[in-house]
There are 2 protein chains.
Amino acid sequence: MIQNLTDHDREHLQEALGKSGQKVTPQREAVFTVLLAQRDHPTVDEVFHRAREVMPGLSLATVYNCLETFVGCGLVRQVNHERESTRYCPNLTPHAHFRDKATGRVHDIELPPEVLKSLRSILPPGFDSDVVEISFHGRAQAKDSDPSN
Amino acid sequence: MIQNLTDHDREHLQEALGKSGQKVTPQREAVFTVLLAQRDHPTVDEVFHRAREVMPGLSLATVYNCLETFVGCGLVRQVNHERESTRYCPNLTPHAHFRDKATGRVHDIELPPEVLKSLRSILPPGFDSDVVEISFHGRAQAKDSDPSN
DNA sequence: TAATCAGTTAGAATGAGTCTAATCCGCAAG
DNA sequence: CTTGCGGATTAGACTCATTCTAACTGATTA
Ligand SMILES: [Mn+2]
Ligand SMILES: [Mn+2]
Ligand SMILES: [Zn+2]
Ligand SMILES: [Zn+2]
């Protein structure tokens with residue numbers, strides 16, 4: 001269920017952490033593995049429970065710490081919808097999020113560069129933005145199953 | 001500072017509440033007045049303190065209740081940025097939000113229909129969305145003062 | 001008048017997230 | 001080897017926005 005990291009992914013982790021002067025630890029590797037194994041935008045709690053299956057001593061505090069670290073070095077994005085618990089997403093391509101009203105599930109929606117550009121173009125002069133978050137809320141057809149890997 | 005509602009605005013309030021079987025109360029009128037008087041996306045607490053200046057007995061619980069009611073009948077939008085306190089916006093035209101990293105202030109960004117349409121067009125078939133939230137985060141030139149009324 | 005009912009109110013409860021202080025552990029110096 | 005250091009981990013306390021609860025108010029209706 002929770003395979004190991006591929007060499008590529010371990011290298012990605014290593015490099016991103018290294019660039020901000022931090023190390024790969026077993027806990028960080030476990031948490032990162034969980035994020036890549038099932039790309040369903042888990043909450044901290046979900047990450048915690050999944051990671052524990054493979055590292056029973058892992059603490060919730062550490063999961064918070066790891067995720068914060070990953071966000072800090074750009075390995076992972078936070079995803080918020082209204083005031084629900086924060087979710088985490090390892091998809092680094094520009095994309096929007098769609099939250100299914102019925103199931104609560106969050107889906108990635110690819111964001112073509114020209115749409116992103118037209119969006120940025122609505123900013124009046126003087127406004128300079130690093131980050132744009134786009135989130136849809138509505139109903140999605142079943143389409144089943146999980147968007148792993 | 002906190003003028004009264006114009007006839008038009010009072011009618012708007014009355015009608016929207018009426019449509020969902022609710023009444024105009026002094027508390028609701030005070031809270032709505034506060035929202036219209038200074039359109040700076042106040043938090044619940046800010047609304048609370050402003051409204052108290054004009055209605056000292058008003059409780060925080062009631063401010064929460066009024067705002068929830070307004071959201072429910074479409075008089076007001078909630079605005080969330082990451083996990084900060086929810087803010088409230090009486091601007092019902094389609095618009096995005098820009099949060100200034102430096103000041104924390106939230107600005108309305110007009111959203112032209114064609115941009116909105118191009119955004120909706122990125123949804124794959126089977127995804128049907130009521131609501132799109134767009135929020136920018138970055139730096140805005142001073143541009144001073146408040147966007148009241 | 002008495003019953004009803006939406007709205008208001010204070011305060012308790014909730015829960016995601018943050019903070020703190022103790023412990024752990026890999027590594028480098030002695 | 002031993003020791004000391006510093007980052008990482010850990011449990012549990014704490015925060016604070018929001019939600020919940022139960023009592024109260026005041027207008028309207030029977
Ligand atoms: Mn890569
Ligand atoms: Mn109007
Ligand atoms: Zn995503
Ligand atoms: Zn707004």
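Per chain, numbering begins at 1; letters A, B, ... match sequence-line order.
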Could you list the residues that satisfy side chain to side chain contact (heavy atoms under 4.5 Å, CB included) with [X], not counting sequence neighbours?
| X | answer |
| --- | --- |
| B:Thr6 | B:His8, B:Asp9 |
| B:Thr33 | B:Ile2, B:Leu5, B:Glu29 |
| B:Ser135 | A:Glu133, B:His81 |
| B:Arg52 | B:Phe48 |

*Pull out every residue in residues 75-85 of chain A that has a heavy atom closer than 4.0 Å to any atom of DNA chain D, ordered by number, or say none.*
A:Arg83
*Members of residues 64-73 of chain A that approach DNA chain D, where some heavy atom sits under 4.0 Å away*: A:Asn65
Close N or O pairs between protein and nucleotides 21-23 of chain D (under 3.5 Å):
none

*asked:* Looking at A:Asp45 and A:Arg87, is any side-chain nitrogen of the basic one under 4.0 Å from a carboxylate oxygen of the acidic one?
replied: no
*For B:Ser59 and for B:Gly21, locate the closest nucleotide of DNA chain C by heavy-atom distance; then report the residue assigned to the nucleotide nearer the 5' terminus.*
B:Gly21
*Indicate yes or no for a side-chain donor-acceptor contact from B:Arg28 to the backbone of B:Lys23 under 3.5 Å, with no hydrogens or angles considered.*
yes
*Quick one: list whatever passes ring-ring contact (aromatic ring centres under 6.0 Å, His included) with B:Phe98, sequence neighbours left out.*
A:Phe127
_The criterion is ring-ring contact (aromatic ring centres under 6.0 Å, His included); which residues satisfy it with B:Tyr88, sequence neighbours excluded?_
none
*Report the C-alpha separation of B:Glu110 and A:Ile122 in whole Å, then their side-chain angles, then the decisive distance to 0.1 Å, and conclude whether the side chain to side chain contact (heavy atoms under 4.5 Å, CB included) test is met.*
CA-CA 7 Å; B:Glu110 213 195 316; A:Ile122 73 177; over 6 Å; no
*Would you mind listing every ring-ring contact (aromatic ring centres under 6.0 Å, His included) that reaches into residues 25-44 of chain B, with sequence neighbours excluded?*
B:Phe32-B:Phe70, B:His41-B:His97
_Does a side-chain N or O of A:Thr62 approach OP1 or OP2 of D:dA8 to a distance below 4.0 Å, or not?_
no
*Name the first nucleotide and the last nucleotide along DNA chain C (5' to 3') that come under 4.0 Å of a heavy atom in chain B.*
C:dG7 to C:dG17
_Set of side-chain hydrogen bond (donor to acceptor under 3.5 Å, both in side chains) partners for A:Ser59, sequence neighbours left out_ = A:Thr62
